[in-house]
Amino acid sequence: MTAETVTSRPAADVRPPLSPAAARHLATVERIAYGAAGLTAAIGPATDLWQLHAAALGTGAGVLCRLWTRAREDDAARLLTASYKALPVLGLSTAYGAGLVVQGTCWWEVAVSVAVALGSAVAVPLTRSRGVRRAAENLPAEVAAQQLPDEEDYGPGYLGDLARHWAAAPASGSTRLAHLRQYRPDAPDFEAVILAPPGEAVPGSLDARAVAAIFDVPEGAVQLAPVPGHGPGRIAVQVAPAEFLARKDRGAPADDLAALWEARVSSPRGIAPGVQLVGHRFEAGRIVLRAEAPDNELLHLPRLQLARALGVEDPELLMVETDGMAQAVITIYADHPLLTVREATPDDLRMGKDGRVAIGLRHDGRPARWPLYDPELGALTDLLVGAPGSGKSVTLLTLVAAERISGVVSVVADAQDGMSLPEAEGRVFHFGAGQAESAATLAAFSAVASYRQQESAARGWGSFVLGKPWRLAILTMDEINRMIAEDAGTPKPFRKWVAGMLGAGQITWRKVGMGVRIAGQSIHLEDLGDSEKIRANAKQGTTWLGRVNSSMTRSMASDMTTGTVEITPVPKYFGVSGAAELEAAWSGKEAPTGPTTAGTAWMIQSGQPYMSRVWRAVKERRTYPGLIGLMESAPLVDFTPEEAAVFREAYDEALTIALALLDGWDGKGAIPGAADEEHQEPTGGTAAAAPSRVPAPPASARTLRDDVLDALAAGPLRTREIRQAVGVGTEGGPASGSVDNTLSKLAEAGLVARVGHGVWARTDQPDPS
């Protein structure tokens with residue numbers, strides 16, 4: 001843009017309007033004055049105070065002369081303002097004079113005075129006179145033509161129209177639009193210079209937004225810049241709506257995006273130095289970026305830092321997916337893409353040749369695929385973690401429906417007394433409710449796996465083949481934390497029994513077509529028996545990480561992912577970002593809530609996480625009729641008769657063990673109450689003749705204390721004899737000092753006592769003397 005020296009016309013001498021507080025105070029004083037003047041005009045004429053009469057009539061005459069002076073000036077604005085302010089004085093003075101002329105006191109004298117005072121109090125002309133004067137300066141040309149330049153001053157044609165439009169806009173104030181230049185005759189784009197009155201600066205309110213409003217163009221089409229060699233009294237402006245639209249059509253925002261990425265992401269001081277933006281595309285409601293790490297380096301894109309760098313206030317609107325090495329796809333959404341999902345159909349939940357079903361939607365609209373079975377690996381291990389209300393139960397029920405539709409044997413155990421998955425009861429092969437029944441269900445499932453392994457070995461069968469001769473079977477164990485967590489309140493032998501069965505199953509179940517799905521509000525892999533094997537198998541299956549606390553999110557992310565993508569906790573509501581919470585804290589208002597994120601989770605497969613949401617399920621009368629309908633849309637799937645017999649026999653036996661362990665049995669000796677149990681005899685020759693396949697409860701680990709007491713069971717012994725009896729001096733045996741310390745602690749507990757010099761005996765035995 002260019003700028004020339006232009007002489008601007010002087011600004012009108014208009015005082016600024018009062019502030020709201022000052023206007024209120026002045027209006028109050030003015031109304032009190034009108035009240036007093038009205039009272040004086042009503043009662044003054046009836047008095048004999050000639051001084052009062054002279055003051056009232058003289059004031060009116062003086063105001064009338066002043067008004068006559070204003071009328072003779074060539075200034076319509078001043079005349080209008082003066083007339084507005086003179087009305088109360090002239091009205092009250094006239095009422096006072098009429099009262100003096102008329103003999104006596106009439107009712108209309110009081111009424112007129114009061115009416116004028118009330119009207120003046122409502123109008124408060126002295127307070128509002130500045131606003132009236134300001135409005136007069138902006139009247140159309142036909143009312144205040146002398147305040148506007150002549151028509152020819154603006155010039156003809158399009159540029160003259162622009163200057164006239166600017167002068168007529170209230171937002172432009174006393175500034176002028178000069179030195180206009182149109183770029184092309186066929187386009188509306190132009191440049192100009194905004195000129196302030198001499199000695200004044202262009203108001204700060206005239207920013208790009210205000211200029212865009214004056215000319216009704218997009219804000220991005222306006223650019224402002226200082227005029228080289230001049231001060232703030234003139235600002236160069238460019239208004240180019242046609243060029244702005246052309247830039248959008250050409251994808252010109254990519255230039256800005258590339259510059260932003262270079263400055264905040266890939267630069268040496270960025271959040272991912274060296275990571276280059278190698279591709280992008282703009283789509284409806286989202287921007288998709290592709291990034292690549294430098295040669296010989298692994299990609300690391302911290303999601304929260306990336307959102308901060310790219311100016312995304314809600315990190316849930318930014319998704320990152322990687323190949324685990326060097327490539328990444330970043331998607332930035334205008335609105336959360338998983339806000340609404342539809343209900344599932346039988347076709348969604350029917351297993352394909354690759355063993356997968358569509359369990360919901362990924363953030364980019366693709367189906368979220370869940371493998372029930374891997375043709376190469378066999379059955380799988382899945383982990384699901386989610387707090388109450390996270391959608392874990394709906395996800396499990398959707399998977400159980402998919403199993404039934406796909407011809408998979410479903411076995412379900414709900415340690416929460418059947419309250420977590422009540423829809424599954426009666427619609428799967430077996431449903432175990434409660435801690436004891438869940439443990440017995442696990443033991444019976446393990447027994448069927450042992451039967452399959454035995455039969456496969458006897459017939460020389462290799463890897464498992466679907467339906468030849470056995471169906472794929474999947475055990476769903478919900479609320480597992482109620483059974484194996486240390487704070488669950490269950491006895492340690494029971495926890496070790498359950499964890500031991502889960503750990504052992506990781507070795508053989510996959511090979512015989514028996515999968516397991518472990519779910520809970522919080523799962524620590526160290527509690528699940530062979531944690532390394534479970535971790536490895538779960539990486540081949542699916543980990544579903546719903547809304548849990550931050551520490552649980554970090555734990556599962558470190559266990560199950562490759563670490564190239566930052567997994568952040570799933571919020572409780574859509575659209576409620578940390579920025580919204582912070583703004584609420586600052587303003588003292590309650591933070592807003594949005595739609596619940598139930599069913600939204602990170603799905604981790606082969607170490608790679610992505611955001612997804614399970615198909616919608618509508619709850620009616622505390623149940624999900626849609627999911628029940630999906631389950632009942634296909635026939636119930638059973639084990640073979642031989643497998644069913646093994647399962648039932650093992651379940652009855654294991655239920656007795658589970659109840660005994662929960663009742664305090666330590667796993668040693670006979671099972672309490674087992675002799676009173678009546679077990680149904682299994683059917684089928686092979687199954688009937690086979691020994692018990694129920695995994696035995698682990699024997700309690702022996703301690704040195706137990707060994708010492710057992711050594712003294714036969715009678716008193718010397719210290720050296722006790723040491724020899726417990727294996728001191730043998731490979732792996734205890735040290736002599738450990739034996740001495742154990743004897744001292746047993747003596748303090750009153751379990752042993754010295755009966756001679758260096759001789760010890762149990763206190764529950766008679767004195768040998």
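All residue numbers refer to positions in the sequence shown, counting from 1.
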Could you check whether any side-chain heavy atom of [X] comes within less than 4.5 Å of a side-chain heavy atom of [Y], counting everything from C-beta outward?
X: Leu310; Y: Val265; answer: yes
X: His336; Y: Leu317; answer: yes
X: Ser390; Y: Val548; answer: no
X: Thr398; Y: Leu627; answer: yes
X: Leu318; Y: Leu306; answer: yes

Begin with the C-alpha distance, continue with both residues' side-chain angles, and end with the deciding distance and a verdict on side-chain contact (heavy atoms from CB on, under 4.5 Å) for Leu206 and Ile235. CA-CA 10 Å; Leu206 276 175; Ile235 297 293; over 6 Å; no

Just by distance, no angles: are the side chains of Thr568 and Trp602 close enough, under 3.5 Å, to form a donor-acceptor pair?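 No pair is found: no donor N or O on one side chain lies under 3.5 Å from an acceptor on the other.
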
Gln608 side chain to Thr322 side chain, donor-acceptor N/O pair below 3.5 angstrom: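 Yes.
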
Write down the atom of [X], the atom of [Y], and the distance for their closest heavy-atom approach.
X: Ser612; Y: Ala368; answer: CB-CB, 4.0 Å
X: Gln605; Y: Pro371; answer: NE2-CD, 3.4 Å
X: Met319; Y: Glu316; answer: CE-O, 3.1 Å
X: Pro609; Y: Ile604; answer: CB-CG1, 4.0 Å
X: Ala242; Y: Ala187; answer: CB-CB, 4.4 Å
X: Ile271; Y: Pro273; answer: C-CD, 3.7 Å

Would you check if the side chain of [X] reaches a backbone N or O of [Y] as a donor-acceptor pair within less than 3.5 Å?
X: His165; Y: Ile214; value: yes
X: Thr597; Y: Pro571; value: yes
X: Ser172; Y: Trp166; value: yes
X: Tyr158; Y: Pro188; value: yes
X: Asp189; Y: Tyr183; value: no
X: Gln223; Y: Ala236; value: no
X: Arg303; Y: Pro315; value: yes
X: Arg181; Y: Leu159; value: no
X: Arg290; Y: Gly279; value: no
X: Asp323; Y: Ala326; value: yes

Listed once per pair and sorted, the salt bridge (Lys or Arg N to Asp or Glu O under 4.0 Å) pairs that draw on residues 385-395, sequence neighbours left out: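 Qualifying pairs, neighbours excluded: Lys392-Asp478, Lys392-Glu479.
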
Rounded to the nearest 0.5 Å, what separates atom [atom1] in [X] from atom [atom2] in [Y]?
X: His179; Y: Leu195; atom1: NE2; atom2: CG; value: 5.5 Å
X: Thr175; Y: Arg234; atom1: OG1; atom2: CZ; value: 12.5 Å
X: Tyr573; Y: Thr600; atom1: OH; atom2: OG1; value: 13.5 Å
X: Ile359; Y: Leu349; atom1: CD1; atom2: CG; value: 6.0 Å
X: Gln238; Y: Leu224; atom1: CD; atom2: CG; value: 10.0 Å
X: Met603; Y: Thr395; atom1: CE; atom2: OG1; value: 9.0 Å

Do Asp207 and Arg209 pass the salt bridge (Lys or Arg N to Asp or Glu O under 4.0 Å) test, and can you show the C-alpha distance, the side-chain angles, and the key distance before you say yes or no? CA-CA 5 Å; Asp207 54 9; Arg209 181 180 180 85; over 6 Å; no

Arg342 NZ/CZ over Trp615 ring centroid, <6.0 Å and within 45° of normal: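 Output yes; distance and angle both within limits.
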
Contacts of type ring pair (Phe, Tyr, Trp, His ring centres under 6.0 Å), residue Tyr624, not counting sequence neighbours: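 By the ring pair (Phe, Tyr, Trp, His ring centres under 6.0 Å) rule, Tyr624 matches no residue at all.
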
Quick test of your reading of the model: are Arg366 and Asp364 salt-bridged, counting only N-O distances below 4.0 Å?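 Asp364 and Arg366: salt-bridged.
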
With a cut-off of 6.0 Å (strictly less than), are more than 12 heavy atoms of other residues, nucleotides or ligands near CG of Asp335?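 Not buried by this count: 12 neighbours or fewer within 6.0 Å.
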
Are more than 12 heavy atoms, taken from residues, nucleotides or ligands other than Arg308, located less than 6.0 Å from that residue's CZ atom?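 Not buried by this count: 12 neighbours or fewer within 6.0 Å.
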
Can you spot which of Glu321, Arg613, Arg369 makes a side chain to side chain contact (heavy atoms under 4.5 Å, CB included) with Arg362?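 Checked Glu321, Arg613, Arg369 against Arg362; only one passes side chain to side chain contact (heavy atoms under 4.5 Å, CB included): Glu321.
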
Set out, in order, the CA-CA distance, both residues' side-chain angles and the distance that settles side-chain contact (heavy atoms from CB on, under 4.5 Å) for Leu177 and Ile194, then state yes or no. CA-CA 5 Å; Leu177 201 62; Ile194 302 174; 4.0 Å; yes

Parallel, tilted or perpendicular: rings of Phe190 and Phe215 (30°, 60°):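 Phe215 and Phe190: perpendicular rings.
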
Would you check, one step at a time, whether the test side-chain contact (heavy atoms from CB on, under 4.5 Å) holds for Leu289 with Leu257? CA-CA 10 Å; Leu289 315 175; Leu257 183 61; 3.3 Å; yes

Taking it one step at a time, do Gln276 and Glu262 satisfy side-chain contact (heavy atoms from CB on, under 4.5 Å)? CA-CA 8 Å; Gln276 297 299 316; Glu262 177 67 27; 4.2 Å; yes

